[in-house]
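Structure first, commentary second.
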Amino acid sequence: MKMQKYHIDQNRRKFLKGFSFALGATAFGMPLLSLASDQAGITRNKSKRYDSTSSGVKKLGVALVGLGRYSTNQLAPALQETEKCYLSGIVTGTPSKAGLWQKKYGISEKNMYNYQTMDQIRDNPDIDIIYIVLPNGMHAEYTIKAAETGKHVICEKPMATSVKDCQQMIDACNRNHVKLSIGYRLHFEPHHQRVMELGQQELYGPVKKIEAADSFVFQRDPSSWRLDKELAGGGPLMDLGIYCVQGAIYTLGQEPIAVTANFDEVTRPDYFDEVEQSIKWQMEFPDGAVADCSSSYNDSASRLYGKAERGWWELQPSFGYGGIRGRTSDGPMNLPNVNQQARQMDAFATCILEDKQSRVPGEMGLRDVRILMAIYEAARTGNKVKIG
Ligand code: NDP
């Protein structure tokens, strides 16, 4: 069954790669521009177009690329709650979805694209932001394609399946003078923002220890792209463990300097013959803090814990779309659960309107992919891998 789907994916990928090859020839040859200076200059040029929106008159149009689970169940509903942007277009390879979405969300015929026609978005004033919600292995190709239309881009996590791809995505956005943001929704979530304050402002003294786990039992179709090395880039580490890496970094406000890791035993080889089933890793930070992390497709966990000199905090569940609960050594956090995706997309729209850099830019996505690759190397070799 897996082979059969893989075959279909391969054909689809070949077709998709065919038309991006020509794109790559022009997209990859330019030097990296300084993000700060470049984006400031560029969006100043573009800002004329948004003058009226800064007074709240016009909302920015978002086109979702890839109408899978996340687009369907989270992003499209969130775009009904956003204040500064709205769902204006779609890009899909599945004609039946196009019809359903058009009906459900009243999307205009001229704002509907497939992967072959997506480059025509450059001529569509209804679309300001292109949001890439495709399998991980397709992020680079389609982010670059989106940047080439001159529209701002959000790319889902993990940013890509290699550091090189991440850099090419950043280069393409810089060269086309568009902003790039990663779908890191938890930066806009109150419990996680509280953890950032507690850790980074050392409200309980310096942080000594972090524990993070994000896992679920994979029971979906074994032909899923998430089990395909080329399309997913890896297993639960790429999909879920990235939240543990993120959580540790924003607890501390520091980046890890070294990692050790090991893969756990594969107990379901019918599913996990290309990507890992489970992985554990440890990250060391410059000030001596250590983060113990794990991620699995054969377990249930959602926890971010920090221990500082004079107290501790814990989010559990921590990484989902809602239902996050937090407590500290002084008691419950009593913070609201919010629509994370709506906040995330509104924050990016605000960046565009006010010509500011995203709080979760492409550089952050690249940083995290570099760390994920170091974790894989540590698990493969059994060695401690230094980062940076
Ligand atoms: P799905 O498998 O549900 O959807 C992916 C969609 O991509 C498909 O429905 C299809 O849309 C399109 N697609 C195009 N080519 C292929 C291909 N070769 N194989 C499979 N799908 C293809 O995935 P998700 O929506 O769960 O995940 C998409 C991305 O979003 C991933 O990068 C994932 O990591 C990220 N994500 C982020 C989350 C977050 O919390 N930030 C949560 C969940 C996912 P169509 O039919 O329209 O062409």
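In this chain, residues are counted from 1 in sequence order. Remember, it's 1-based here, ligands and their atoms both numbered in the order they're listed.
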Hey, can you pull the donor-acceptor pairs under 3.5 Å for the side chains in residues 315-327, sequence neighbours left out?
| unit_1 | atom_1 | unit_2 | atom_2 | d |
| --- | --- | --- | --- | --- |
| S318 | OG | S302 | O | 3.2 |
| S318 | OG | S302 | OG | 3.4 |
| S318 | OG | R303 | N | 2.9 |
| R327 | NE | E314 | OE1 | 3.1 |
| R327 | NH2 | E314 | OE1 | 2.8 |

Which atoms from ligand 1 have a heavy atom of [X] less than 4.0 Å away?
| X | result |
| --- | --- |
| Y243 | 39 (C), 40 (O), 41 (N) |
| K97 | 9 (O), 11 (O), 45 (P), 46 (O), 47 (O) |
| W225 | 1 (P), 2 (O), 20 (C), 23 (O), 27 (O), 31 (C) |
| R185 | 39 (C), 40 (O), 41 (N) |
| G183 | 41 (N) |
| H139 | 32 (O) |
| M138 | 14 (C), 15 (N), 16 (C) |
| G93 | 45 (P), 47 (O), 48 (O) |

In Å and rounded to the nearest 0.5 Å, what is the [atom1] to [atom2] distance from [X] to [Y]?
| X | Y | atom1 | atom2 | value |
| --- | --- | --- | --- | --- |
| Y305 | W313 | OH | CH2 | 9.0 Å |
| L64 | L87 | CG | CG | 5.5 Å |
| R367 | I371 | CZ | CD1 | 5.5 Å |

Out of [options], who gets a non-hydrogen atom closest to [atom]?
| atom | options | value |
| --- | --- | --- |
| atom 27 (O) of ligand 1 | R226, R69, E156 | R226 |
| atom 28 (C) of ligand 1 | D239, V133, L67, T92 | V133 |
| atom 7 (O) of ligand 1 | P135, S224, A98, G68 | P135 |

message: Run the salt bridge (Lys or Arg N to Asp or Glu O under 4.0 Å) test on K179 and D355 for me, step by step, so that the C-alpha distance in whole Å, both residues' side-chain angles and the decisive distance to 0.1 Å come before the verdict.
response: CA-CA 9 Å; K179 293 183 189 291; D355 191 14; 3.3 Å; yes
query: Any nitrogen or oxygen of S71, main chain or side chain, under 3.5 Å from a nitrogen or oxygen of ligand 1?
result: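 No, since none of the N or O atoms of S71 sits under 3.5 Å from an N or O of ligand 1.
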message: Counting only nitrogen or oxygen atoms and a 3.5 angstrom limit, does Q341 reach ligand 1?
response: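 No, since none of the N or O atoms of Q341 sits under 3.5 Å from an N or O of ligand 1.
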- prompt: E276 side chain to G235 main-chain N or O, any donor-acceptor pair under 3.5 Å?
  reply: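 Yes; at least one donor-acceptor contact below 3.5 Å.
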- prompt: Would you say S215's side chain and S296's backbone share a donor-acceptor pair under 3.5 angstrom?
  reply: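 Yes: the side chain of S215 pairs with the backbone of S296.
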- prompt: Any idea which part of Y184 is under 4.0 Å from ligand 1, heavy-atom wise: side chain, backbone, both or neither?
  reply: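 The answer is neither.
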task: For the pair D239 and R226, find out whether any cationic side-chain nitrogen is under 4.0 Å from an anionic carboxylate oxygen.
output: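 A salt bridge links D239 with R226.
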- request: Could you label the plane-to-plane angle of the F216 and F218 rings as parallel, tilted or perpendicular, counting under 30° as parallel and over 60° as perpendicular?
  value: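 Parallel, since the angle between the ring planes stays under 30°.
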